[in-house]
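The shown structure was predicted, so the numbers you read here are calculated from the model rather than taken from an experiment. In what follows, chains are A, B, ... by sequence order, proteins preceding strands, each numbered from 1.
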Number of protein chains: 2
Amino acid sequence: MPRAGLSRDAVVRIALEQVDAGGPTGLADLTLAKVAASAGVATPSLYKHVGSLAALRRHVALVALEELTTASAAATVGRAGPDALRALAHAWRAYASAHPGRYAAVQLAPDPEAAEDAEHRTAAARVVALVGAVLHGFDLPDDRTIDAVRVVRAGVHGFVVLELGGGFRLPEDLDRSFDALVDMLVTGVTALADAPSSPDPQEQP
Amino acid sequence: MPRAGLSRDAVVRIALEQVDAGGPTGLADLTLAKVAASAGVATPSLYKHVGSLAALRRHVALVALEELTTASAAATVGRAGPDALRALAHAWRAYASAHPGRYAAVQLAPDPEAAEDAEHRTAAARVVALVGAVLHGFDLPDDRTIDAVRVVRAGVHGFVVLELGGGFRLPEDLDRSFDALVDMLVTGVTALADAPSSPDPQEQP
DNA sequence: ACCGTTGGCTAACAGTATTAGCTTGTTGGC
DNA sequence: GCCAACAAGCTAATACTGTTAGCCAACGGT
């Protein structure tokens with residue numbers, strides 16, 4: 001009996017197909033049994049390549065994070081300021097819309113301690129660093145860029161999550177609502193650049 | 001042998017305890033076996049009260065939605081405009097922070113078709129209606145309040161989800177970042193009230 | 001006091017991940 | 001070219017899930 005010739009990458013590739021096929025819940029529905037069946041192999045054989053189901057999910061998350069990073073970088077290259085921020089937000093939503101299952105994997109937070117999550121951590125750090133780089137063109141005071149990055153992430157991530165999860169009832173006008181959000185982010189970040197850096201609302205005469 | 005004297009509400013109550021005990025992943029870790037053990041009953045007995053694990057999750061979601069609605073209503077009563085919006089956002093985050101597991105249940109979208117999700121649908125509609133009511137004080141044009149509601153929901157939900165999921169690395173200054181988000185939402189919604197209602201960026205002289 | 005309803009039980013089935021241990025194909029060293 | 005070591009598959013088994021079927025006894029109303 002010949003052997004299947006699997007590898008870790010091959011297993012991850014099959015897992016990605018399965019995640020993509022499952023829509024927004026594709027990641028949750030990912031199962032070793034189905035991956036093994038699709039690979040033409042018995043379930044325990046996968047452990048020669050993957051370690052565990054959770055590890056396989058982490059590998060999927062890694063791919064998704066890298067794809068999201070390169071897509072965002074490609075969309076924002078050559079742009080700066082509001083232009084770059086708009087492009088970033090739209091690239092983000094476009095990726096989530098094109099790959100709902102993979103975007104769900106992006107949400108998986110890496111363990112801040114575990115050694116085997118090191119790659120995952122740096123990939124996650126890379127994508128938020130990209131957001132920081134895009135916001136660099138706004139001339140924010142140093143102690144405010146963290147707030148700006150968080151606000152931007154929260155806004156577009158929240159919108160995308162609600163959209164994918166069916167949280168918005170009427171499918172119509174979603175584009176316009178997203179545009180409204182992006183406008184708000186742009187003006188909000190520029191306002192943050194002009195705001196005082198002290199947390200207290202003390203006016204500076 | 002005496003009987004345990006369970007009821008649907010009792011089962012849901014135990015499920016809520018279990019969800020609360022599990023932190024942000026409490027809902028995902030909810031299991032009929034553990035609920036039954038905690039109730040001192042065999043697992044299949046629960047089916048006399050609940051229907052399925054998914055149904056139990058829906059009941060948990062219902063409770064969470066109702067709690068979130070009443071908490072939000074209590075926080076915004078007697079307030080209007082920016083004041084009300086700020087109170088709503090903080091109440092939302094406070095509830096998620098106090099009950100991470102239950103807040104995860106809020107994210108469960110009800111099936112738009114299924115008859116048994118009717119209660120769930122109306123509960124979900126009620127909480128977004130409350131957001132709409134809070135925004136009423138901003139004098140938004142009719143076709144813009146949908147956008148405003150969505151933007152507000154996306155912003156605070158996104159922040160809360162990232163915070164609970166450990167998406168923000170540094171635990172410090174989270175309050176200030178959230179304040180920045182809320183400020184942005186307030187100015188963004190007021191700006192939306194003054195914006196033209198036509199989707200095209202045609203200036204109106 | 002009976003008798004139907006209801007809430008519990010056990011048994012069984014179909015899934016899931018995971019570990020242990022075996023066998024066999026492949027490949028590197030001499 | 002052979003042989004040993006390693007790698008990649010397998011089966012068997014364990015321990016969990018949820019779920020259905022069918023039985024039996026406790027409770028409540030007449």
Side-chain angles (χ1 to χ4, degrees), chain A residues 1-19 21-23 25-62 101 104-105 108 111 114-117 120, chain B residues 1-19 21-23 25-62 101 104-105 108 111 114-117 120:
Chain A
M1 13 218 78
R3 61 174 69 175
L6 279 184
S7 69
R8 170 142 86 202
D9 284 3
V11 172
V12 172
R13 205 175 318 127
I14 297 177
L16 285 169
E17 288 173 19
Q18 172 142 155
V19 166
T25 68
L27 185 75
D29 299 344
L30 178 64
T31 182
L32 287 182
K34 284 185 270 186
V35 169
S38 170
V41 110
T43 310
S45 306
L46 297 178
Y47 285 84
K48 289 294 161 70
H49 304 285
V50 180
S52 76
L53 172 64
L56 181 57
R57 288 221 175 91
R58 278 195 299 267
H59 290 134
V60 169
L62 206 78
L108 288 184
D111 188 326
E116 69 266 26
D117 279 20
H120 193 173
Chain B
M1 15 222 76
R3 61 174 69 176
L6 278 184
S7 70
R8 169 141 86 201
D9 285 3
V11 172
V12 172
R13 205 175 319 127
I14 297 177
L16 285 169
E17 289 173 17
Q18 172 144 153
V19 166
T25 68
L27 184 76
D29 298 345
L30 177 65
T31 182
L32 288 182
K34 283 185 270 186
V35 169
S38 170
V41 110
T43 309
S45 306
L46 297 178
Y47 284 83
K48 289 291 162 71
H49 305 284
V50 181
S52 75
L53 173 63
L56 181 57
R57 288 222 174 91
R58 278 195 299 267
H59 290 134
V60 169
L62 207 78
L108 288 184
D111 188 326
E116 69 265 27
D117 279 19
H120 193 174

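Residues satisfying the side-chain contact (heavy atoms from CB on, under 4.5 Å) criterion with B/E17, sequence neighbours excluded, are absent altogether. Every residue two or more places apart in sequence or in another chain that forms a side-chain contact (heavy atoms from CB on, under 4.5 Å) with A/A10 is listed here: A/L6, A/S7, A/R13. A search for side-chain hydrogen bond (donor to acceptor under 3.5 Å, both in side chains) contacts involving B/R57 returns nothing, not counting sequence neighbours.
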Dump the pairs, protein N or O against N or O of nucleotides 14-17 of chain D, anything under 3.5 Å, distances to one decimal.
residue	atom	partner	partner atom	Å
D/dT17	O3'	B/T31	OG1	3.4

Taking N or O atoms only and anything under 3.5 Å, show me the protein contacts with nucleotides 7-11 of chain C, one pair per line.
residue	atom	partner	partner atom	Å
C/dG7	O4'	B/R3	NH1	2.7
C/dG7	N7	B/K48	NZ	3.3
C/dG8	OP1	B/A4	N	3.4
C/dG8	OP1	B/G5	N	3.0
C/dG8	OP1	B/L6	N	3.1
C/dG8	OP2	B/H49	NE2	2.4
C/dG8	N7	B/K48	NZ	2.9
C/dG8	O6	B/K48	NZ	2.6
C/dC9	OP2	B/A42	N	2.7
C/dC9	OP2	B/S45	OG	2.4

Please list, pair by pair, any protein nitrogen or oxygen found under 3.5 Å from a nitrogen or oxygen in nucleotides 1-4 of chain C.
none

Side-chain polar contacts of residues 33-54 of chain A - donor-acceptor pairs under 3.5 angstrom, sequence neighbours left out - could you list them?
residue	atom	partner	partner atom	Å
A/K34	NZ	A/D29	O	3.3
A/S45	OG	A/A42	O	3.2
A/S52	OG	A/A54	N	3.3
A/S52	OG	A/A55	N	3.1

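Between B/A61 and B/L108, the closest heavy-atom pair is CB-CD1, 4.4 Å. The shortest non-hydrogen separation linking B/V19 to B/G101 is CG1-C, 3.4 Å. Heavy-atom minimum distance, A/A105 versus A/V60: CB-CG1, 3.9 Å.
Note that NE2 of B/H120 is 10.5 Å distant from CG of B/D111, once rounded to the nearest 0.5 Å. The line from NE2 of A/H59 to CG of A/L16 is 11.5 Å long, rounded to the nearest 0.5 Å. Separation of atoms CG (A/D9) and CD1 (A/I14) is listed at 11.5 Å; rounding is to 0.5 Å.
To the nearest angstrom, P of C/dT19 lies 6 Å from OH of A/Y47. D/dT19 atom P lies 11 Å from atom CG of B/L46, rounded to whole Å.
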